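Owing to the predicted nature of the structure, the values given are computational and were not obtained by experimental measurement. One-based numbering, in listed order, for ligands and for the atoms of each.
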Amino acid sequence: MVKRKRVLVKFSGEALAGNTGFGIDNSVVKFIAQEIKELVKNDIEVGIVIGGGNIIRGVSAAKDGIIKRTSGDHMGMLSTVINSIAMREALEHTGVCVRVQSAIKMEAICETFIMGRAQRHLEKGRVVIFAAGTGNPFFTTDTAATLRAIEINSDMIIKATKVDGVYDKDPEKFEDANLLNTLSYKEAMEDNIKVMDDTSIALAQDNNLPIIVCNMFKKGNLLSIIQGDENAVYSIVK
Ligand code: UDP
């Protein structure tokens, strides 16, 4: 039997907010659900991690000293659960079978993360959304995504963004910014390159997990990258 590809797709909470910058834009959630459905239809096993920055980030919540950082981070992790539920609904609406597993137990709302159970869902062709980050403060959802990708033996982690990949300078500010096709983990940790935070890159490096950075908002892009289309545009950290 041919081994199916397994991927972990990570996108930020801000991606869900669309142009408003806050909350959840249902048209965006619907678009992403369609893109994920294409992966499932093509026999790709999909895990998803969504950030929470469209609702609350721990650091910002704690900035004036009223809310403790750890509490801010708890609020941030709960934000990712809200986003995950929205994504679950949109996926179910398009006919995709999906489960949410939270790192923090909330049994009235979703399953708790159990690695073996997540593996079984994936083998059965169900999408699994990993919510509530790592369950610990002081981490990011990029680190949570890398951790889950390693735990489920994902072939790659896909950091899905609104740009085509990693540039040598900010493409929104500089016209002469160049897309970097391939980077080493060490290069990805350099200060001017904002792929993911250093903790997540170090974790990926220690476990030889390739990081793909790509544009999620081009229709069909995720599928062509995973299927190895030679015209697909993205950056890879390996
Ligand atoms: N968070 C946390 N532990 C984790 C993952 C996330 O405490 O393992 C909190 C943290 O406060 C973070 C927030 O959840 O700011 C939202 O996650 P993140 O900032 O990574 O979201 P994104 O920027 O991807 O939308």
Is a donor from one side chain sitting under 3.5 angstrom from an acceptor on the other, for Asp197 and Thr143? yes
For residues Arg6 and Ile44, determine if any side-chain heavy atom of one lies less than 4.5 Å from a side-chain heavy atom of the other. no
Short list, please: which atoms of ligand 1 are under 4.0 Å from a heavy atom of Gly53? 21 (O), 22 (P), 25 (O)
Any atoms of ligand 1 less than 4.0 Å from a non-hydrogen atom of Thr134? List them with their elements. 4 (C), 8 (O)
Would you indicate whether Lys219, at its atom NZ, is surrounded by more than 12 heavy atoms from other residues, nucleotides or ligands within a distance under 6.0 Å? yes
Quick one: NZ on Lys105 to CZ on Phe113, what's the gap to the nearest 0.5 Å? 15.5 Å
Proximal atoms of ligand 1 relative to Pro137 (non-hydrogen, under 4.0 Å): 7 (O)
Protein heavy-atom partner closest to atom 19 (O) of ligand 1 - residue, atom, separation in Å: Arg57 NE, 3.2 Å
State, with a plain yes or no, whether a side-chain heavy atom of Ile129 is found less than 4.5 Å away from one of Gln101. no
Using distance alone, determine whether Gly133 and ligand 1 share an N or O pair under 3.5 Å. no
Which protein heavy atom lies closest to atom 3 (N) of ligand 1, and at what distance to 0.1 Å? Asn136 O, 2.6 Å
I'd like the name of whichever of Ala62, Gly76, Gly58 reaches closest to atom 15 (O) of ligand 1 through any heavy atom. Gly58
For Lys10, the ligand 1 atoms whose distance to one of its heavy atoms is below 4.0 Å: 24 (O)
Here the atoms of ligand 1 under 4.0 Å from any heavy atom belonging to Gly51 are 21 (O), 22 (P), 24 (O), 25 (O)
Just need the protein heavy atom nearest to atom 20 (O) of ligand 1, so name the residue and atom and give the distance. Thr141 OG1, 2.5 Å
Can you confirm whether Val233 sits close enough to Cys214 that some side-chain heavy atom of one is under 4.5 Å from a side-chain heavy atom of the other? no
Considering only the protein, which heavy-atom contact is closest to atom 2 (C) of ligand 1, and what is its distance? Phe139 O, 3.2 Å
To atom 21 (O) of ligand 1, the nearest of Ala144, Ser60, Gly52 on a heavy-atom basis is Gly52
Taking 4.0 Å as the limit for heavy-atom contacts, which would you say applies to Asn54 with ligand 1: side chain only, backbone only, both, or neither? neither
Could you check if a side-chain atom of Met216 sits within less than 4.5 angstrom of a side-chain atom of Asn221, using non-hydrogen atoms only? no
Determine whether more than 12 heavy atoms belonging to other residues, nucleotides or ligands lie under 6.0 Å from atom NZ of Lys238. no
Closest to atom 10 (C) of ligand 1 among protein heavy atoms sits Asp73 OD1, 3.3 Å
Considering only heavy atoms from C-beta outward, does the side chain of Leu183 approach that of Ile193 to under 4.5 Å? yes
Does Met75 approach ligand 1 within less than 4.0 angstrom via side chain, backbone, both or neither, non-hydrogen atoms only? neither
Can you tell me if Ser79 contacts ligand 1 (heavy atom of the residue under 4.0 Å from the ligand)? no
Within a radius of less than 6.0 Å around NZ of Lys30, do more than 12 heavy atoms belonging to other residues, nucleotides or ligands occur? no
4.0 Å heavy-atom contact, His74 with ligand 1: no
Less than 4.5 Å apart, any side-chain heavy atom of Asp73 and any of Phe138? yes
